[in-house]
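What follows is a single structure, written as structure tokens, with notes after it.
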Protein chains: 2
Amino acid sequence: MAPRENQRARTRRSILDATAALLDEGRADPSIDEIADRALVSRATAYRYFESASDAVWQVVSDRSLTPPEEALAGAGDDVTERLLRVEKVVNDYLFGDPNGTRAFERAVLGRALDGSGTPDDRAARRLHYIDAALEPLAGRLSPHELELVRHALALTMGSQVVTTLLDTCRLDPAAARDVTTFALGAIVAEALRLVDARGGAPQLPEAS
Amino acid sequence: MAPRENQRARTRRSILDATAALLDEGRADPSIDEIADRALVSRATAYRYFESASDAVWQVVSDRSLTPPEEALAGAGDDVTERLLRVEKVVNDYLFGDPNGTRAFERAVLGRALDGSGTPDDRAARRLHYIDAALEPLAGRLSPHELELVRHALALTMGSQVVTTLLDTCRLDPAAARDVTTFALGAIVAEALRLVDARGGAPQLPEAS
DNA sequence: ATGTTCATGCGATAGGTGTATCATGACGAG
DNA sequence: CTCGTCATGATACACCTATCGCATGAACAT
């Protein structure tokens, strides 16, 4: 057992709670000092637990759990489109609902990319778990390469960067933005299904095999 | 005529050149001091010309002109897919070729979004000009609403945010990333063409040819 | 209770941003 | 050439990040 586990856990929680509170109050980009003060902890300690302020924000935002994939897909059939729409709703409703937190998250991702910190970043990649879960009925029916293509193309329709693109760059409102994501998603799924048909899976075309 | 126009133009150029030089040397995120020193200008002056370091970077990156839409589309027929692939190539080749500059650009966009500066940001939205130019043959054949959907969905496949998503979050290499963007683009175009067929426009049949 | 360990607080340091003020002196019109 | 204008440089300030070394004292084993 680690030396002072409880104490450390308490401190960590305190910092995370403080960060979360600040975010909820609309501070999009809290400083380390703010967080430390709020957590009743010295600045040095805050740095001992998190690499930076945006690191803490990152943890908070990404730990505010979304409905997990299994739950989002409970009772869903094999209709890939419906499955994807469900997870898209979970992910994007969440993000478009909290643009501040989302942009702070974005910022953290960018920071990591800039200083080349090599952490695999399992959290930011979480959207792929949702996509994979939704795509599961199709898994065996596409070549590995095709599947990669589809997964990553779908990743372009969900996630924090989409918020930046549609809200900030294209200046859409959240509702219109959601229309766009579902449209794009539908298009990609349709293309994927066409790929499935093209290989073994499907009967219906007068195909030249 | 403004008071000391030439002097000011010279100073401005000097700062931009310095910024560009630093970027080309691989400094992804140059500080104001670095830029000012390199430009043989005091820090205060640098701030008189640009709001921030990333502002200067932004100007540089976005002014390094891409092939303009008309040129990219010269000699292209009415095949919307081909047209879009051309502009996608122009935009994304450029961005994936200079991830550092791109991320600095990203950073600037985010900064603007965070402090809510209301500038319309014609530069970041430039990708829509490319998309519109490529989409031109389809313009009259979709309802305004459908057209908006298609335009913005396509915007998800080009631009700086795509770099962040595919390179940083999904950890693809540039070549694989380009495969993904062209795939997604193809899917969206296909969907758009289906919309065209669904309304009056349908000229040629589902060519199993 | 006693001593060690280790998380913490405190303060200093080094560097970055962004703003303001003020003297200087180059510019350019007369 | 002269003189006022105005871009510039210098400097200071407030605040931020990120890191360091050192003293303190709570936590824990003995």
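Below, chains carry the letters A, B, ... as their sequence lines are ordered, and counting in each starts from 1.
- Between the CZ atom of B:Arg12 and the P atom of D:dC6 there is a distance of 20 Å, rounded to whole Å.
- Counting to the nearest Å, the C1' atom of C:dC6 and the OH atom of A:Tyr49 are 10 Å from each other.
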Would you check, one step at a time, whether the test salt bridge (Lys or Arg N to Asp or Glu O under 4.0 Å) holds for A:Arg151 with A:Glu148? CA-CA 5 Å; A:Arg151 296 171 74 216; A:Glu148 284 301 282; 2.8 Å; yes

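- OP1 or OP2 of C:dT8 has not a single side-chain nitrogen or oxygen of A:Ser42 nearer than 4.0 Å.
- When heavy atoms are screened at a 4.0 angstrom cut-off, B:Phe50 is found touching no nucleic acid atom at all.
- Taking atom CZ of residue A:Arg8 and atom P of nucleotide C:dT5, one finds them 17 Å apart after rounding to whole Å.
- Counted by atom type alone, B:Thr165 and A:Gln161 present one or more donor-acceptor pairs between their side chains at under 3.5 Å.
- The residue among B:Asp33 and A:Leu40 whose nearest nucleotide of DNA chain C is located toward the 5' end is A:Leu40.
- For A:Thr11 and C:dT8, the shortest distance from a side-chain N or O to OP1 or OP2 is below 4.0 Å.
- Following rounding to the nearest Å, A:Asp37 (CG) and D:dC15 (C1') show an atom-to-atom distance of 13 Å.
- A straight line from CG of B:Asp29 to P of C:dG15 spans 17 Å, rounded to a whole angstrom.
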Between A:Thr157 and A:Asn92, is a side-chain contact (heavy atoms from CB on, under 4.5 Å) present by the stated rule, with each step listed? CA-CA 9 Å; A:Thr157 70; A:Asn92 282 347; 5.7 Å; no

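- Atom P of nucleotide D:dA14 and atom CD of A:Glu34 are separated by 19 Å, given to the nearest angstrom.
- Rounded to an integer number of Å, the gap from CD1 of B:Ile32 to C1' of D:dT17 is 17 Å.
- Between the side chain of A:Ser14 and the backbone N or O of A:Arg10, no donor-acceptor pair lies under 3.5 Å.
- Whole-Å rounding puts the B:Arg13 CZ to D:dA7 C1' distance at 19 Å.
- Here B:Asp132 contributes atom CG and B:Leu147 contributes atom CG; the two are 7.0 Å apart, rounded to the nearest 0.5 Å.
- At the phosphate of D:dG9, OP1 or OP2 sits under 4.0 Å from a side-chain N or O atom of B:Thr45.
- A salt bridge is defined here as a Lys NZ or Arg NE, NH1 or NH2 lying under 4.0 Å from an Asp or Glu carboxylate O, and B:Arg194 with B:Glu191 meets this definition.
- Between the A:Thr182 side chain and the A:Asp179 main chain, a donor and an acceptor come within less than 3.5 Å of each other.
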Heavy atoms under 4.0 Å is the rule here; annotate nucleotides 19-30 of chain C 5' to 3' with B where the base is hit, S where only the sugar-phosphate is, and - elsewhere. B------BB---

